[in-house]
Amino acid sequence: MSTPTETLMPFDEAMERYEPVLGLETHVELGTASKMFCGCPTTFGAPPNTQVCPVCLGLPGSLPVANAKAIESTIRIGLALNCSIAEWCRFARKNYFYPDMPKNFQISQYDEPLCYDGYIDVEVDGETVRIGIERVHLEEDTGKSTHVGGATGRIHGADYSTVDYNRAGIPLVEIVTKPITGTGRLAPQVARAYVAELRDLMRALGVSDVRMEQGSLRCDVNVSLMPRGGTEWGTRTETKNLNSLRSVERAVRHEIERQAGILDAGGRIIQETRHFHEDTGTTTSGRSKEEAQDYRYFPEPDLVPIAPDREWVEKLRAELPEPPSVRRRRLQAEWGVSDHDMAAMRNADAIDLVEATVKAGAPPADARKWWMGELARRANESGKALAELPITPEQVARVCELVASGQLNDKLARQVLEGVLAGEGTPDEVVERRGLRIVSDEGELAAIVDQVIAENAEVAEKVRNGKIAAAGALVGGVMKATKGKADAARARQLILEKLGVSG
Amino acid sequence: MSELIRKTAAELGRMVASGEVSAVEVTQAHLDRIAEVEPKIDAFLHVAAEAALEQARAVDERRAKGERLGPLAGVPVAHKDIFTTVDMPTTAASKILEGWRPPYDATVTRRLREAGLVIVGKTNLDEFAMGSSTENSAYKPTRNPWDLTRVPGGSSGGSAAAVAAYAVPLATGTDTGGSIRQPAAVTGIVGTKPTYGGSSRYGLIAFASSLDTPGPFARNVLDAALLHEAFSGHDPLDSTSINAPVPPVVEAARQADVSGMRVGVIKEFVEGEGYQRGVLRRFTEAVELLESLGAKTIEISCPSFAYALPAYYLIAPSECSSNLARFDAMRYGLRVGDDGTRSAEEVMALTRAAGFGPEVKRRIMLGTYALSSGYYDAYYGSAQKVRTLIARDFEAAFQQVDVLVSPTTPTTAFKLGERVDDPMAMYLADLCTIPSNLAGNAAISVPCGLAEEDNLPVGLQIIAPVLGDDRCYRVGAAVEKALEDRWGGPLLKEAPSL
Amino acid sequence: MSAITRDEVAHLARLSRLALTDEELDHFAGQLDQIIAAVARVAEVATDDIPPSSHALPLTNVFRPDEVRPGLTPQQALDQAPAVEDDRFRVPRILGEEA
Ligand SMILES: [Zn+2]
C-alpha cells in the first residue's frame with residue numbers, strides 16, 4: 001500500500017533512470033439528443049431523475065435499441081483517428097454490481113470494438129509524436145451517486161448515498177491508446193497534448209461538447225516505468241477520472257516521481273487504480289481490495305450485431321472535417337500570428353471564435369486582440385468560458401468595424417463590449433443608448449480645443465516654444481472634456497495646428 | 001356452469017361482435033368459472049375482476065357506437081405474470097418483485113388491449129420462468145386439471161391450467177426451453193412457440209434473452225392462431241424483433257390440410273431412454289394419421305440435438321445470471337437487511353438470498369460459473385457452437401421436409417414434488433422442445449390422445465422453419481380435425497377432475 | 001473428481017451477490033457439481049471450425065433514430081423505490097471504488 005511517507009524522486013532524476021510508458025483511456029460523452037439505448041433526453045444539469053424511462057432505469061422487461069446517430073458518431077471518430085472500421089461487431093455485457101448502474105451490467109464492447117488500430121499525431125515542443133490508437137468503442141454511461149454524511153462527504157465514511165439516473169445510458173465513446181513509449185521527459189506534455197488534440201477533434205467533428213469540467217470528456221492515465229536500457233515494462237497504475245488538461249499533465253508527472261521513488265527505495269509498484277487530487281497535485285490509492293475483477297463479458301443478446309455498410313463508411317470518411325492540426329496551421333498562416341500567440345488562442349479556446357469573427361469581416365489582428373484581451377479578461381472575471389460570453393463573433397466584428405471607421409476608439413469600444421455583455425443590445429444599440437459615438441464634428445471639436453488651450457495657457461506656451469511633447473497634456477484635456485469620445489489623433493493634430501507647430 | 005365457457009374464442013368473438021352476447025356477460029361467466037375452479041388448481045396469482053369487467057364494458061360501448069370489433073374483442077384472456085401490466089401487479093412469481101407495479105405495459109399487453117381482449121388476471125409460473133412444473137413459483141404450485149396431484153408443466157403452468165380448466169379460452173405464455181409447449185402437452189391443450197423475434201419481448205421480464213419467446217395457449221388450433229396473430233408482429237422497441245409480416249397463421253389453421261406435405265420424424269426423439277410407452281404410442285399413431293391424411297413422412301436424423309439440453313443449460317443460466325442482476329433492492333422490489341449500518345453490497349446479497357428461490361439461485365450461480373474467465377470457452381463458448389450445429393441440423397432437415405415432428409415431452413404430467421429437488425430429472429422434460437429455442441424456429445404442441453398407462457394427455461410437437469409458423473398451424477389443425485372426428489369432439493370435452 | 005468445489009461455489013455466490021447459508025452452499029455444491037458434469041459434454045462437439053452463435057437469428061443493424069421520446073415522471077420513476085430522498089434513490093452506503 002502507498003503511504004503518505006513515500007518519497008518522490010525529482011522528475012529530472014527519475015527521467016535519467018527510467019523510461020515512462022503511458023496509456024490513456026478517454027471517455028467522451030456524445031452530444032446526441034437522446035440516450036444510447038432509449039429516447040430520454042441528455043441535457044446536462046436537469047433536476048434528478050427527470051430524464052429516465054423503463055429502459056435506462058433498467059426496469060424488468062425493458063429492452064435497449066441502439067441510437068443510430070451514436071453509432072455514426074463513433075464511426076466518424078474512428079475514421080478521424082485513422083482507425084479501421086469493423087465489418088461486423090457486437091455489443092457485450094460487462095457484469096458487475098454497482099448501485100449507479102441500473103441493470104448491474106454495462107452495455108459496452110469487449111473484443112469486437114467498432115473501430116480499431118489507428119493513430120493521431122500530436123505536437124509537443126515542435127516535435128511530432130504519433131500516438132497509436134488501440135480501439136474506439138461505444139458504451140453507456142452510469143448514473144451519479146451523491147454520498148451523504150460522514151466526515152469527508154466522500155464515499156468512504158458516508159452514511160448512505162443517493163442516486164440520480166439522468167446520466168445513466170448517455171452514449172459514451174471510449175478511446176484507448178496503444179502503449180506510448182519513447183517520449184522520455186516529454187511524457188507529461190505528450191499526455192496533455194494528446195487529450196487536447198482529442199478534444200479539438202471531437203469539437204471539429206461536432207460529436208460532443210467536450211466540457212471536461214462537466215465530465216463530458218474524462219481521462220484515465222496508465223503509467224509505468226522501465227529502467228533505462230531495460231526491455232520489460234514495469235507494473236502500471238491507472239489514475240482515474242482526470243478532468244482537466246492540466247490535471248492530466250500533473251498526474252503523469254506525479255506518478256513518474258512517485259513510482260521512481262518507490263522503485264529507487266527497492267519497493268514494488270502495486271497494480272491499482274489511483275485518484276488524483278487537484279489541490280496537492282498528488283495521487284492516492286483508490287481500491288480498497290486487490291481482488292481482480294471478473295466482468296464475465298458476453299455478447300449482448302438484446303442487441304443485434306452491427307455491420308456497417310462499406311459505402312456508408314466511405315461516405316462518412318469523405319465528409320470528415322479538416323483535421324484540427326491542419327486547420328490550425330492554415331489559420332496561423334492566414335492570420336500571420338506567431339506560434340506563441342496561436343498556442344495562447346488554442347489554450348483559451350478562442351480559435352473558433354476568432355475565425356468566426358474574421359469570417360464576419362474583422363481583420364484577424366483585431367479579432368484576436370478583442371477576444372484574447374478585453375473579452376478574455378471579462379470571461380476570466382465571471383469564471384466563464386469565452387464561448388459562454390453573451391456576445392457573438394458577428395457583434396465583435398461590428399465593434400472592430402466601428403473602430404476601423406473611426407466611429408469608436410478603443411476606450412469607447414471597451415464600453416460597447418461591456419454594454420453588449422450586460423445585455424443592453426447590439427453594439428450599435430449600445431453606442432446609441434450610451435451615447436458613445438466619437439466627437440467627429442470638426443466645429444465642435446475645434447471649439448473644445450480652443451477652450452482647452454485657453455484654460456491651459458502655460459502648457460500651450462510651452463508647445464508653441466517647441467516642446468511638442470507637452471501637447472499630450474492638452475490632448476488629455478480634450479479627451480477629458482469629451483468624456484473620451486474624441487478621436488485623440490485628430491485632437492492632437494488640431495492642437496498643433498492652432499499653436500502653429502507641426503508634429 | 002354457463003355454456004359460454006364451453007365456446008371457442010373464435011365463437012365468443014363472433015358472438016360479441018354480432019351482439020348475440022355482451023362482452024360483460026362473457027367476462028362474468030369466466031370470472032364465475034375462475035372462482036369455481038381456482039381453489040382446486042391455483043392457476044392465478046392475481047384475478048382482476050373489476051378491471052376485466054371495465055375492459056369488457058369498453059368493448060360493449062365500442063360496439064354500441066357502431067365500431068367494427070376485431071375477431072377476439074371481448075374474449076377473456078389470462079396473462080402470464082411475466083409480462084408487465086400497468087393496472088396489475090407483476091411478480092414473475094418471485095418474492096423479490098412482490099407488489100411491484102410496473103409503470104409501463106409490455107408490447108404483448110398493449111396489443112391484447114388494442115385487440116379488445118379482456119385481461120382477467122395474471123397467471124402463475126415457475127419463478128422467472130425457470131422450471132418445468134410451476135412448482136418453483138414463490139407463491140404456490142399450480143395443479144393439473146386432469147389430475148390435481150400432478151403438475152401442469154411449466155414454466156407457463158398457470159396459463160395452461162387455466163385454459164385446460166375452461167377458466168379462460170385463451171392465455172399467453174413464454175417459451176424459453178419449452179415453457180409453452182410442454183405445459184400445453186401435459187394439460188391437453190394447444191400451445192405455440194412462435195419464431196423468435198416474431199412476437200415482441202418488450203415488457204417480458206427476461207429469463208434468457210436469446211431464447212425467450214411469447215406465445216399463445218388455447219384449447220384448439222384456430223383459437224391459438226387468432227391469439228398468435230393478435231399480439232405478434234414487428235416492434236421497434238425490441239431490437240431482435242423481425243421486421244416482416246406475421247406468417248398467415250389463421251389462414252393456415254382454417255386450411256387444415258396436409259396433403260402433399262413432407263413430414264420428418266426426428267429419429268433422435270423417438271428412441272432412447274426416458275420415453276413413456278404411451279407417449280410413443282400416441283406419437284406413432286399421430287404420424288400414421290398424417291400419412292393417412294396425405295402427408296409423406298420420412299425419418300430425419302439430427303445428431304446435434306443430443307447436445308441441445310446441455311447447451312441450453314449453459315446458455316440460459318448464463319443469460320439469466322446477467323438479466324437477474326438488476327434485482328438488487330436499490331430501485332424497486334424487495335429490500336432486506338437495510339439497518340443503516342450495512343453496505344449496499346451486503347443489502348444486495350441479503351435481499352437476493354431472501355428474494356430468490358432455490359432454482360433461480362442455482363441457475364444464477366451456474367451461469368456465473370459458465371461466464372467466468374477461464375471457463376467461458378469450455379462452457380458458454382462451446383454451448384454457442386452447439387447452437388450453430390443445431391441450426392445446421394434444422395437447415396439440412398428443412399431442405400428435405402416441410403415440418404418435423406416429435407413427442408412434445410418424453411412423459412405425461414408427473415406428480416407434484418416428484419422432481420423438485422432433482423434438477424437433472426426436471427430438466428429432461430424439455431428434451432424435445434429445446435432445439436427450437438436454440439435455433440429460433442417455430443413449433444407447436446397439439447394434443448394427440450391419452451397415454452393408456454395414466455389416462456393423461458400426450459402432445460404432438462410440430463416444428464417449422466423460421467417464419468414458417470403457418471405450417472405449424474396447418475399441420476396442427478389437420479391432426480386436430482382428424483382426431484376430433486375419431487373422438488367425436490374435442491379431447492378436452494369434459495374437464496376430467498373438476 | 002468433482003467438477004466444482006464448495007469454495008468455488010462460495011466464490012460464485014459472492015460474485016452473484018447471494019448471501020447463502022452454509023447449508024445452502026453444501027446443497028448447491030452437490031447439485032452444481034452434478035449439473036456441470038452433465039453439461040460439460042458440449043465441449044465434445046465444439047470444435048475450432050464451428051462459429052459460435054450468440055443469437056437465434058442472423059439480424060444486423062437494428063437502430064433507432066436519435067429522437068427524444070417521453071419517459072417517466074420522477075414520481076413514476078421513484079414510486080416503487082424502497083427508499084427515496086430529494087427525488088433521488090436512497091441506497092445504503094457504497095463500499096469500494098469511487099466512481
Ligand atoms: Zn431512458
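Reckoned from all heavy atoms, side chains included, excluding hydrogens, waters and symmetry mates. Just so we're on the same page: letters track the sequence lines, and every chain starts at 1.
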Residues of residues 64-78 of chain C contacting chain B, heavy-atom criterion under 4.5 Å, by residue number: C:Leu72, C:Gln76
4.5 Å side-chain heavy-atom contact, B:Arg392 and B:Ser304: no
Check ion pair C:Glu85-C:Arg88 (N to O, under 4.0 angstrom): no
Region of B:Ala378 that comes under 4.5 Å of a non-hydrogen atom in chain C: backbone
Minimum side-chain heavy-atom gap B:Tyr369-C:Leu32 below 4.5 Å: no
Between C:Ala13, C:Ser53, C:Ala46, C:Ala81, the one whose heavy-atom pairs under 4.5 Å with chain B are most numerous: C:Ser53
Chain C contact via B:Pro102 - which portion, at a heavy-atom distance below 4.5 Å: neither
B:Arg331, part contacting chain C, at a heavy-atom distance under 4.5 Å: both
Side chain, backbone, both or neither of B:Leu438 within contact of chain C (heavy atoms, under 4.5 Å): backbone
Part of C:Val84 within contact of chain B (heavy atom distance under 4.5 Å): neither
Close side-chain approach of C:Asp33 and C:Ile36, heavy atoms under 4.5 Å: no
Any side-chain heavy-atom pair of B:Ser321 and B:Leu371 under 4.5 Å: yes
Which atoms of B:Ala325 approach chain C - backbone, side chain, both or neither, heavy atom under 4.5 Å: neither
Side chains of B:Tyr312 and B:Ile390 in contact at under 4.5 Å (non-hydrogen atoms): no
Engaged part of B:Phe327 at the chain C interface, taking heavy atoms whose separation is under 4.5 Å: neither
Top of C:Gln80, C:Gln34, C:His55 for chain B proximity - count of heavy-atom pairs under 4.5 angstrom: C:Gln80
Side chain proximity check, B:Asn323 to B:Ser209, heavy atoms < 4.5 angstrom: yes
Contacting moiety of B:Asp421, where chain C heavy atoms sit under 4.5 Å: both
Side-chain donor-acceptor pair present, B:Asp175, B:Thr213, cut-off under 3.5 Å: no
Any side-chain heavy-atom pair of B:Met365 and C:Leu20 under 4.5 Å: yes
Portion of C:Thr47 that has a non-hydrogen atom of chain B nearer than 4.5 angstrom: backbone
Pairwise side-chain contact, B:Asp338 with C:Pro82, heavy-atom cut-off 4.5 Å (strictly under): no
Short side-chain to backbone donor-acceptor contact, C:Gln31 and C:Phe28, under 3.5 Å: no
Plane angle bin for B:Tyr375 and B:Tyr379 - parallel if under 30°, tilted between 30 and 60°, otherwise perpendicular: tilted
B:Asp87 and B:Thr85: side chain donor to acceptor below 3.5 Å: no
Proximal component of C:Leu18, with respect to chain B [non-hydrogen, under 4.5 Å]: both
Under 4.5 Å from a heavy atom of chain C, the part of B:Met424 involved: side chain
Contact leader toward chain B among C:Asp79, C:Leu57, C:Ile4, where contacts are heavy-atom pairs under 4.5 Å: C:Leu57
Ring centers of B:Tyr332, C:Phe89 separated by less than 6.0 Å: no
Interface residue of largest heavy-atom contact number with chain B, from C:Val45, C:Ile50, C:Thr21, C:Val62, under 4.5 Å: C:Ile50
Verdict with reasoning, C:Glu24 to B:Lys361, per side-chain contact (heavy atoms from CB on, under 4.5 Å): CA-CA 10 Å; C:Glu24 279 181 301; B:Lys361 290 177 188 168; 2.9 Å; yes
Among the listed options B:Ser210, B:Ser343, B:Pro103, the residue most often paired with chain C at heavy-atom distances under 4.5 Å: B:Ser343
Engaged part of C:Asp48 at the chain B interface, taking heavy atoms whose separation is under 4.5 Å: both
Chain C contacts, top residue of B:Leu314, B:Val386, B:Leu309 (heavy-atom pairs, under 4.5 Å): B:Leu314
Which portion of B:Phe356 sits near chain C, non-hydrogen atoms under 4.5 angstrom: side chain
Side chain / backbone / both / neither for B:Pro236 at chain C, heavy atoms under 4.5 Å: neither
Over all atoms of both residues, closest heavy-atom pair of C:Val9 and C:Ala29: CG2-CA, 3.8 Å
Under 4.5 Å from a heavy atom of chain C, the part of B:Thr341 involved: backbone
